[in-house]
Amino acid sequence: MLINRKEFLKRACLSGAASLCGFSSISLFANNNESQQSTPEPDNSKLLLVQEWTNCLLSNLNEQLSEEELRRALKSCAVVHFNNLKMDNVLAQYIGHLDKFIKFLEEEWGWKVEYNKTSKTLIANKNKNYCVCSIVNHKSGAKPTAICYCSEGFAEKMFSTVAGVIAKATVISSIHRGDDRSKYKIEFS
């Protein structure tokens, strides 16, 4: 059975075969004898390879998939970054204490957060004039706007874990989209 390029990319991403964060984790942190040299510095060429490959993939996916297919595929990749950062451990002390978690985000991560308890809506402003994503090669000048869907997935998992209810995240502004800050709207069910 032959499938076209769009269908191949769609199936690969939706099945997790092209997991962006997973690919970078495997490539960068594979533990083999060749990588255990006396030099403790990471091999930046491997990082650049992963970042450039990711930028190319995102560009192609952006051209081949509908916005909803792209969003769904990249949101599903967020779990890899979430797990890599051991976010379950970070969030454990905040489960059921959203106000305490908001204070943590503001004091430790420098975010600005506005929470409307009546509408169950939160605006999370990362409050930085640059993208913090390690998957993106910031020096290349590439602006892979699709990567923001991965951030939506990360925010959903993070806020759902803390609040104990389903959280829906939507990017409302993004450095990659030409805005001065990356901001997310979080809606709790």
Side-chain angles (χ1 to χ4, degrees), residues 10 13-26 29 54 58 61-62 65-136 138 143-189:
K10 177 180 171 182
C13 288
L14 294 178
S15 70
S19 176
L20 304 177
C21 298
F23 177 75
S24 65
S25 297
I26 292 167
F29 303 109
T54 301
L58 289 173
L61 291 176
N62 196 43
L65 299 177
S66 72
E67 184 173 355
E68 195 49 43
E69 290 170 323
L70 188 58
R71 173 178 266 129
R72 191 171 59 243
L74 292 178
K75 273 188 173 187
S76 68
C77 294
V79 70
V80 176
H81 194 202
F82 189 92
N83 292 340
N84 181 266
L85 294 175
K86 298 179 179 29
M87 288 301 293
D88 284 329
N89 295 339
V90 173
L91 300 177
Q93 64 184 313
Y94 303 109
I95 294 174
H97 303 283
L98 185 58
D99 290 334
K100 188 177 169 184
F101 181 59
I102 291 170
K103 186 176 180 181
F104 164 79
L105 291 173
E106 293 175 332
E107 291 178 0
E108 300 299 321
W109 289 7
W111 289 20
K112 292 183 179 180
V113 179
E114 300 170 27
Y115 179 47
N116 184 322
K117 292 180 182 181
T118 305
S119 66
K120 298 179 184 177
T121 303
L122 183 145
I123 304 297
N125 177 347
K126 287 189 174 180
N127 195 33
K128 293 172 181 54
N129 63 356
Y130 56 91
C131 173
V132 299
C133 183
S134 59
I135 298 298
V136 177
H138 302 287
K143 300 276 187 201
T145 60
I147 198 69
C148 298
Y149 296 136
C150 182
S151 295
E152 284 180 356
F154 190 94
E156 285 178 359
K157 184 148 177 61
M158 185 171 67
F159 282 103
S160 293
T161 299
V162 170
V165 297
I166 295 172
K168 180 183 183 302
T170 307
V171 173
I172 56 176
S173 72
S174 163
I175 297 295
H176 291 296
R177 297 177 185 168
D179 300 302
D180 67 336
R181 299 284 188 269
S182 292
K183 298 178 187 176
Y184 303 88
K185 179 179 181 180
I186 313 298
E187 299 172 285
F188 298 101
S189 61

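Along the sequence shown, the residues carry numbers beginning at 1.
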Just say parallel, tilted or perpendicular for the rings of Tyr115 and Phe188, cut-offs at 30° and 60°. perpendicular

Please report the closest heavy-atom contact between [X] and [Y], naming both atoms and the distance.
| X | Y | answer |
| --- | --- | --- |
| Ser182 | Ile175 | OG-N, 3.3 Å |
| Tyr94 | Phe104 | OH-CD1, 3.1 Å |
| Ser76 | Ala73 | OG-O, 2.6 Å |
| Cys150 | Cys77 | SG-C, 4.2 Å |

Listed by chain and number, what are the side-chain hydrogen bond (donor to acceptor under 3.5 Å, both in side chains) partners of [X], not counting sequence neighbours?
| X | value |
| --- | --- |
| Lys117 | Asp99 |
| Lys128 | none |
| Glu68 | none |

For [X], side-chain contact (heavy atoms from CB on, under 4.5 Å) partners two or more places apart:
| X | result |
| --- | --- |
| Asn62 | Leu70 |
| Glu107 | Lys103 |
| Glu187 | Thr121, Lys168, Lys185 |
| Asn116 | Thr118, Ser119 |

For Phe82, what residues pass the ring pair (Phe, Tyr, Trp, His ring centres under 6.0 Å) criterion, not counting sequence neighbours? Phe154

Please test Arg181 against Asn129 for side chain to side chain contact (heavy atoms under 4.5 Å, CB included), starting from the C-alpha separation and ending with a verdict. CA-CA 5 Å; Arg181 299 284 188 269; Asn129 63 356; 3.1 Å; yes

Value rounded to 0.5 Å, distance of [atom1] in [X] from [atom2] in [Y]:
| X | Y | atom1 | atom2 | answer |
| --- | --- | --- | --- | --- |
| Met158 | Leu85 | CE | CG | 10.5 Å |
| Ser151 | Lys75 | OG | NZ | 11.0 Å |
| Asn125 | Glu106 | CG | CD | 10.0 Å |
| Tyr149 | Arg72 | OH | CZ | 12.5 Å |
| Leu122 | Ile102 | CG | CD1 | 5.0 Å |

Does NZ in Lys100 sit with more than 12 non-hydrogen atoms of other residues, nucleotides or ligands closer than 6.0 Å? yes

Under 3.5 Å: donor-acceptor pair, side chain of Glu152, backbone of Val171: yes

Just by modelled atom types, is the Gly110 backbone N or O under 3.5 Å from a matching donor or acceptor in the Asn127 side chain? yes

Below 3.5 Å, can you tabulate the donor-acceptor pairs from side chains in residues 159-167 to any protein atom, sequence neighbours excluded?
{"unit_1": "Ser160", "atom_1": "OG", "unit_2": "Glu156", "atom_2": "O", "d": "2.7"}
{"unit_1": "Ser160", "atom_1": "OG", "unit_2": "Val165", "atom_2": "O", "d": "3.4"}
{"unit_1": "Ser160", "atom_1": "OG", "unit_2": "Ala167", "atom_2": "N", "d": "2.9"}
{"unit_1": "Thr161", "atom_1": "OG1", "unit_2": "Lys157", "atom_2": "O", "d": "2.7"}

Evaluate the side chain to side chain contact (heavy atoms under 4.5 Å, CB included) criterion for residues Leu58 and Leu74: first the C-alpha distance (whole Å), next the side-chain angles of each, then the deciding distance (0.1 Å), finally the verdict. CA-CA 9 Å; Leu58 289 173; Leu74 292 178; 3.7 Å; yes

With side chain to side chain contact (heavy atoms under 4.5 Å, CB included) as the criterion, how do Tyr184 and Lys126 come out once you've worked through the C-alpha distance, each side chain's angles and the decisive distance to 0.1 Å? CA-CA 8 Å; Tyr184 303 88; Lys126 287 189 174 180; 3.5 Å; yes

